[in-house]
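This one's a predicted model, so the numbers in the text were calculated from it and none came from an experiment.
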Amino acid sequence: MIHYFSNHQIDKRKWDTCIDHSLNGRIYAYSWYLDIVSPGWDALVEDDYLSVFPLTYGRKFGIKYLFQPFFTQQLGLFSTVEIDSPKVSEFLLSVPEEFSYIEIHLNEKNPLDDERFTVKKRANLVLNLSLPYADLQKSFNQNTRRNLKKAAENEMFLSHDVTPEELIDLFRRNFGEQEGKLSKTDYGVLEKLMNAALERKTAALTGIRSAEGSLLAGVSLLTDKERTVFHFAASSKEGKHKGAMFLLMGNIIEERAGTAGILDFEGSEDENVARFYRGFGAADFPYFQVRINRLSWVSDKLVILAKKLKSG
């Protein structure tokens, strides 16, 4: 039986045990992670935490809705037993009516062929790291090989002493201010997330520096069992010109090559970014975005207006 729990009713020890033993666990689904990206999140729980489904919600204009938090690519249903489309549908139909609008991401192990839901396939790219680096290199495309060779000719060095503040500042100065999607609060959440992951030894921050020591490119990697997530990255104009991100990615893959793990690139819907990932031999592992609209016509227009105001 599926139960709806408000936040204070969730047994977080049992919750995390379920994620630990689930067949499709993701670091985003642990209680500590959800506490940071969506404080007060609720949940659907099957039996005694056999399967779980986080409900990350917000309120606008008096409307309670489910949304996908920033820095959290995939959520949905996590289970210690096999998942099929009817089970995913059962959980989605169990979301209480008080959540009038739903727009969330499931995970790649959540099949859904139920015509009652509006779904959109989203891109994710993953690289299998089981082969030695020399063999992985064979799947790099010509452009990637050329840029790696060019980057190696520049005076740059690998650095493992990058801080969350330094990486976020690099992003804000070189892309974030122009893009405008992330607010001051969002950056605060990201910094808190990185520090929490570092404390739990589930994160590593690494980068490429110039000969003078300035950060040219950097990335925050999250690790969960065999999966390494390319979670947040940034580079400077100088770094782009010198191919610093190519060099950094090559080093990350080389360090982890020959393991039983995978490198999860977290996307991307941006074709230029996706082309960069595919250049290293990454393969497509898509997942679904689900939208459920229980709103009246007027309320629906208010939600659309709120989205436009946020993005503009």
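- For the atom pair CD1 of Ile19 and OH of Tyr49, the computed distance is 11.0 Å after rounding to the nearest 0.5 Å.
- Taken to the nearest 0.5 Å, the CZ atom of Arg227 stands 11.0 Å off from the CG atom of Leu129.
- For NE2 of His3, the number of neighbouring non-hydrogen atoms (other residues, nucleotides, ligands) closer than 6.0 Å is greater than 12.
- Checked against the 6.0 Å centroid criterion, the rings of Tyr287 and His105 qualify as a close aromatic pair.
- Checked against the 6.0 Å centroid threshold, Phe246 and Phe276 count as a close aromatic pair.
- A cation-pi arrangement is absent between Arg59 and Tyr65, since the terminal nitrogen or guanidinium carbon is not both under 6.0 Å from the aromatic centre and inside a 45° cone about the axis.
- The cluster map of Ile, Leu, Val, Met, Phe, Trp and Tyr, joined by side-chain heavy atoms under 4.5 Å apart, puts Ile208 and Tyr133 in the same cluster.
- Annotation: cation-pi pair Lys64/Tyr57 present, NZ/CZ under 6.0 Å from the ring centroid and within 45° of its normal.
- Taking CG of Leu216 as the start and CG of Leu248 as the end, the distance is 10.5 Å to the nearest 0.5 Å.
- Looking at heavy atoms from C-beta onward, Ser79 lies out of side-chain contact with Ser22 at the 4.5 angstrom threshold.
- Phe53 and Phe91 have parallel rings, their planes meeting at less than 30° on a 0 to 90° scale where 60° marks the start of perpendicular.
- Looking at Asn141, its side chain never comes within 3.5 Å of a backbone N or O of Phe280 through a donor-acceptor pair.
- Between Ser85 and Asp113, the side chains place a donor N or O and an acceptor N or O closer than 3.5 Å (distance only, hydrogens not considered).
- Classification of Lys149 and Glu153 as a salt-bridged pair fails, no side-chain N sitting under 4.0 Å from a carboxylate O.
- Under a hydrophobic clustering in which Ile, Leu, Val, Met, Phe, Trp and Tyr are joined whenever their side-chain heavy atoms come within less than 4.5 Å, directly or via other members, Val189 and Leu34 fall into the same cluster.
- Using a 4.0 Å cut-off between charged side-chain N and carboxylate O, Glu165 and Arg172 make no salt bridge.
- Between Asp186 and Lys181, none of the side-chain N atoms (NZ, or NE/NH1/NH2) sits under 4.0 Å from a carboxylate O, so this pair counts as no salt bridge.
- Between atom OG of residue Ser100 and atom NZ of residue Lys60 there is a gap of 14.0 Å, rounded to the nearest 0.5 Å.
- By the rule that hydrophobic residues join a cluster once side-chain heavy atoms approach within less than 4.5 Å of another member, Ile2 and Leu106 end up as members of one cluster.
- Among Phe78, Trp32, Phe5, Trp41, the one residue that satisfies the ring pair (Phe, Tyr, Trp, His ring centres under 6.0 Å) test with Trp15 is Trp41.
- Inspection of the Asn7 and Asp42 side chains reveals no N or O donor paired with an N or O acceptor under 3.5 Å.
- A salt bridge is defined here as a Lys NZ or Arg NE, NH1 or NH2 lying under 4.0 Å from an Asp or Glu carboxylate O, and Arg26 with Glu108 meets this definition.
- Checked for salt-bridge contact, Asp20 and Lys14 miss the test: no charged N lies under 4.0 Å from a carboxylate O.
- A salt bridge between Arg173 and Asp169 is present, with a side-chain N of the basic residue lying under 4.0 Å from a carboxylate O of the acidic one.
- Judged purely by distance below 3.5 Å, without hydrogens or angles, the side chains of Asn124 and Glu266 never pair a donor atom with an acceptor atom.
- Lys87 has no carboxylate O lying under 4.0 Å from a charged side-chain N of Glu82, or vice versa, which leaves the two without a salt bridge.
- Linking Ile, Leu, Val, Met, Phe, Trp and Tyr residues whenever their side-chain heavy atoms come within less than 4.5 Å places Leu221 and Met249 in a single cluster.
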